[in-house]
There are 2 protein chains.
Amino acid sequence: MQRLLAPVLTAAVAVMLTHACAESETVIQDSIGTQYQTVRLVEVIGGLEHPWAVAFLPDGSMLVTERPGRLVHVQDGEPTELSGVPEVVSIGQGGMMEVAVHPDYEENGWVYLTYSEGSSDATATTLARGRIDGDAFTDVEVLFQQDRHSSRGRHYGSKLVFMDDGTLLMSIGDRGADPPRAQDLGDHAGTVLRLNDDGTPAEDNPFVGVDYAHDEIYSYGHRNIQGLDIDRQTGVIWSTEHGPRGGDELNVVEPGKNYGWPVISHGRNYGTEQQWGRGRVRDGMEQPVWEFLPTLAPSGLAVVRGDQFPDWEGNLLAGGLASRQIQRVVVEGRTVVHIEALLLGEIGRIRDVRVGPDGNIYIVTDHGDGAVYRLEPA
Amino acid sequence: MQRLLAPVLTAAVAVMLTHACAESETVIQDSIGTQYQTVRLVEVIGGLEHPWAVAFLPDGSMLVTERPGRLVHVQDGEPTELSGVPEVVSIGQGGMMEVAVHPDYEENGWVYLTYSEGSSDATATTLARGRIDGDAFTDVEVLFQQDRHSSRGRHYGSKLVFMDDGTLLMSIGDRGADPPRAQDLGDHAGTVLRLNDDGTPAEDNPFVGVDYAHDEIYSYGHRNIQGLDIDRQTGVIWSTEHGPRGGDELNVVEPGKNYGWPVISHGRNYGTEQQWGRGRVRDGMEQPVWEFLPTLAPSGLAVVRGDQFPDWEGNLLAGGLASRQIQRVVVEGRTVVHIEALLLGEIGRIRDVRVGPDGNIYIVTDHGDGAVYRLEPA
């Protein structure tokens, strides 16, 4: 099922610099001046249909999901669509979404996927894992599914990140449901979950033993987290979350905490200038670390650690869909002190941002003719 | 000295809809969806060389400055360059800058200009007034000049706004000077001044009678205010101010107050990620109402009052140069609660934003082939 893709030039300034990258790659901009780093933008692979996420295998190859329902293995610039992936229902914002590689991949070979499962009438955010065997995705196991299917094709959440203790964080959006579900601890919607690598709840989760609460829940009151990463140096879990108009948030995710949605928000009601819900602040509900204004429409989030970008060390890179940019967010502790817009309008809607094993930054664009890019020091 | 300008189409989507506007005007976008208003963008006049500011006369005609040193009177779409304006030294950010019309213009005919005066070695921000007589600017009087010329061709400030009591506020930037001057009350750099309409200090200014302070000073510790307007309903004076990297500020200007530059700032040193100066907060120095992140590079600022944009009533429209947008800033009291980016990347570097006597929004772009646009309900 190997697909042959024509090379795609996405910018008039593209220059072929074959000495700098693999033969199949295209330098889009050889030198981009930013505030503290000069960087090069390379298209690693184009011609992808709404790619959603990217992950890396120890052999240097790359896995990319395409929202309509595919998992693509990219080796030496050649994409191979893997057969045997779970069937997805790709409606609205749903489809094949996140991909993550088990930290012990070299021992166990597990690759994790999130996707929307169900029918065109009702879907649920679902977690599965499988192994790669040539062109096939095998040994597929469905590990977890949110407790209720929903008719709304939106707010699936679906980011994954492994913690250092081997457990897996997974975000689930509020599904845009009415009546709202994100304050209900007996509902998986609007949460971050913490699971063992087999999909069972982590034993020391904050609501284990609480009657009315699901054991999987780590934090709740979220609207739709689509950016999630852990700073491996500080251990802080950072998330970016879609708010209603104007209420896009950066949060620090902590166990047992309630992030307030839909009771409080800094956003506004669509169609009016009215404040959301019951206001912006309430006892027992967390305030965001930052509200992105104007709207970011957040997607993938990555904490920069490594040797490639010394001046960006510890910064957060927050992708933006409608805002078509990546924001480099400088934090001191848990305070945002500076933000720079990167690639503003240059490559379109940003869907995912990751730091690769080589320390470079990988970017996925959400387009019918989407791509994976690499940002590296120039 | 009438100039004939070829009509300029600045966007591929431009459509001639002559029924909707004067013959010389061009509809750039007939319908732009924004969060709460659908608007139309009209080019009122193009072919201007780095226009800096726009003002309106009671007869419906328009005055536009061009930074190289011109004042243009636009009547029925026809531009006339006025002879006899003060000679300017147009270096760096300097040249002919602000234009404002006396509130009693119909009685006295005064038009106010700010500009950089001096030689190529040293310039000073200067205020003059004159009257329009056909194609000539006559009765010209220099009313005020900052106390020291400076070799730096930057941070001139230069916005003007008349208060309801007939006095005139004028901003002067810090001139980028080293050693810094904005904390020195015996120096006009880095201030907002409050003058009588003849350029003398207003009698009840906060430092009148203070030995070491200039009587003209109303507030100080500013870096470079290039957006200044008064909310005629609340009386609040709003300013936007260029900070160092990341430190662009929205402030409420109040008499006698110290806005902290260059001692405190939320910005960063250029070339490093280090905090500016001695930190972000200090007793006796004002905190900004808002820090624009990512950078706005603020220019003209207008408070929306009138009947044309009911959903934007009381909002601030903050122009951005490098950020190529106007931010619609929703404030409740003195708190920013929402921001929307308007015209992002659509017409380039925004230099000035004003609400016209017709209640529509007028926009000036800072380009060699710049223009004045009108934003009106669609």
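Residue numbers begin at 1 in each chain, while the letters A, B, ... track the order of the sequences. The model shown is predicted, which means the values in this text are computed figures rather than measured ones.
- Contact check for A:Leu293 versus B:His338: side-chain heavy atoms found under the 4.5 Å cut-off.
- In this structure, chain A has a heavy atom under 4.5 Å from the side chain of B:Gln327, while its backbone stays farther away.
- Counting heavy atoms from C-beta on, the side chains of B:Leu344 and A:Arg324 never come closer than 4.5 Å.
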Please set out all donor-acceptor pairs under 3.5 angstrom arising from side-chain atoms of residues 221-228 of chain B, sequence neighbours excluded.
| residue | atom | partner | partner atom | Å |
| --- | --- | --- | --- | --- |
| B:His222 | ND1 | B:Glu241 | OE1 | 3.1 |
| B:His222 | NE2 | B:Ser219 | OG | 2.8 |
| B:Arg223 | NH1 | B:His242 | O | 3.1 |
| B:Arg223 | NH1 | B:Gly243 | O | 2.8 |
| B:Asn224 | OD1 | B:Gly157 | N | 2.8 |
| B:Gln226 | OE1 | B:His242 | NE2 | 3.3 |
| B:Gln226 | OE1 | B:Arg351 | NH1 | 3.1 |
| B:Gln226 | NE2 | B:Gly157 | O | 3.3 |

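- Tested against A:Pro294 for a side chain to side chain contact (heavy atoms under 4.5 Å, CB included), the candidates B:Glu340, B:Gln325, B:Gln35 yield a single pass: B:Gln325.
- Relative to the six-membered ring of B:Tyr36, A:Arg245 meets both conditions, a distance below 6.0 Å and an angle of at most 45° to the axis.
- Ranked by heavy-atom pairs shorter than 4.5 Å toward chain A, the options B:Val336, B:Val337, B:Val329 are led by B:Val337.
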